[in-house]
Amino acid sequence: MRLATWNVNSLRVRLGQVRQWCRERRPDLLALQETKLEDAAFPAEDLREDGCRSLYAGQKTYNGVAILDRLAITPTDVVTALPGLDDPQRRLLAATYGDLRLVNVYVPNGAAVGSDKFAYKLDWLARLRDFLAGELQRHERLAVVGDFNIAPEDRDVHDPDLWAGSVLVSPPERNAFRELLDLGLHDAFRLFDQPEASYSWWDYRAGAFRRNLGLRIDHILISEALRQRCTACYIDREPRTWQRPSDHAPVVAEFAD
DNA sequence: ATGGTCGTTGGACGA
């Protein structure tokens with residue numbers, strides 16, 4: 001089973017790339033973030049031509065999450081928001097595929113440490129932690145994937161001194177990420193040997209991708225039962241080299257049946 | 001080099 005996550009920064013712009021990537025890489029499940037599409041505009045029929053079912057929770061202009069699958073089994077227990085959070089921002093989508101529970105998140109960016117958006121980010125992460133605590137009790141095989149907008153460690157940052165204390169790397173954010181792991185989740189990427197300077201996001205500006213000035217902020221977190229079955233996890237940089245790319249690369253994890 | 005780039009949108013704002 002191949003599971004992937006990709007912040008596409010507008011599915012309208014990136015639809016052709018998503019379809020091409022799915023045809024080439026054949027993920028069984030692909031979680032998308034920043035679709036930036038109202039549900040009425042979601043290209044479900046185009047994706048169905050490639051054999052993909054779609055679940056989506058979107059809004060106009062901002063945010064928006066979706067899960068594509070090519071599985072025989074129908075998803076159940078779909079959740080489109082954090083319980084108890086009355087929030088128009090579409091940032092979470094969860095569904096059960098057989099014995100796998102998948103939670104797809106687009107964590108708030110946070111703008112700048114100390115800002116209102118930063119407080120919203122930390123509150124959102126605290127509510128996510130509470131939600132996942134329950135999900136872990138209900139589902140032995142749980143995967144939490146998406147754009148977390150947090151680089152967990154200095155090795156996930158191209159220049160830790162430059163970034164020290166900034167949004168995406170600050171101690172409160174890293175503590176919130178650690179609290180997710182402390183629930184009993186594993187960072188799938190770090191279960192395996194990885195290349196030095198592995199990142200999943202590069203700013204569009206200043207030739208950041210060409211110079212590999214990036215951050216690893218997109219993650220696949222898995223429960224212990226899934227960890228035992230995980231056979232690989234990697235970042236696929238290729239789509240970031242394509243014309244008019246997303247600023248994020250897909251992250252992929254593979255599991256034994 | 002005191003900016004640089006995208007996407008959405010039709011002027012900024014978010015990232």
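Throughout, a chain's letter reflects where its sequence line sits, starting with A, and its residues are numbered from 1. All figures in this text were calculated on a predicted structure; none of them were measured in a lab.
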Donor-acceptor list for residues 73-81 of chain A side chains, cut-off 3.5 Å, not counting sequence neighbours:
none

Hey, does A:Tyr106 reach any base, or is it just sugar-phosphate, or nothing, if we go heavy atoms under 4.0 Å? sugar-phosphate
I'd like a table of atom pairs between the protein and nucleotides 5-8 of chain B - only N or O on both sides, under 3.5 Å - with the distance next to each one.
residue : atom : partner  : partner atom : Å
B:dG7   : OP1  : A:Arg14  : NH1          : 2.8
B:dG7   : OP1  : A:Arg14  : NH2          : 3.2
B:dG7   : OP2  : A:Arg244 : NE           : 3.1
B:dG7   : OP2  : A:Arg244 : NH2          : 3.1
B:dG7   : O3'  : A:Ser10  : OG           : 3.3
B:dT8   : OP1  : A:Ser10  : OG           : 2.3
B:dT8   : O3'  : A:Thr61  : OG1          : 3.4

ILVMFWY clustering at 4.5 Å (side-chain atoms), partners of A:Phe209: A:Tyr199, A:Trp202
Answer yes when A:Asp69 and A:Arg53 have at least one side-chain N-carboxylate O distance shorter than 4.0 Å, and no when they do not. yes
Is any side-chain N of the basic residue among A:Glu224 and A:Arg141 closer than 4.0 Å to the acidic one's carboxylate O? no
May I ask you to decide whether A:Asp187 forms a salt bridge with A:Arg216, counting only side-chain N to carboxylate O separations under 4.0 Å? yes
Given the P atoms of B:dA12 and B:dA1, what is the spacing between them in whole Å? 30 Å
Judged by whether its glycosidic angle lies within 90° of 0, B:dG10 is anti
Got a salt bridge between A:Glu49 and A:Arg19, using NZ or NE/NH1/NH2 to carboxylate O under 4.0 Å? yes
Which value, in whole Å, describes the distance between the C1' atoms of nucleotides B:dA15 and B:dG4? 15 Å
Nearest-Å distance once atom P is located in both B:dG3 and B:dG7: 23 Å
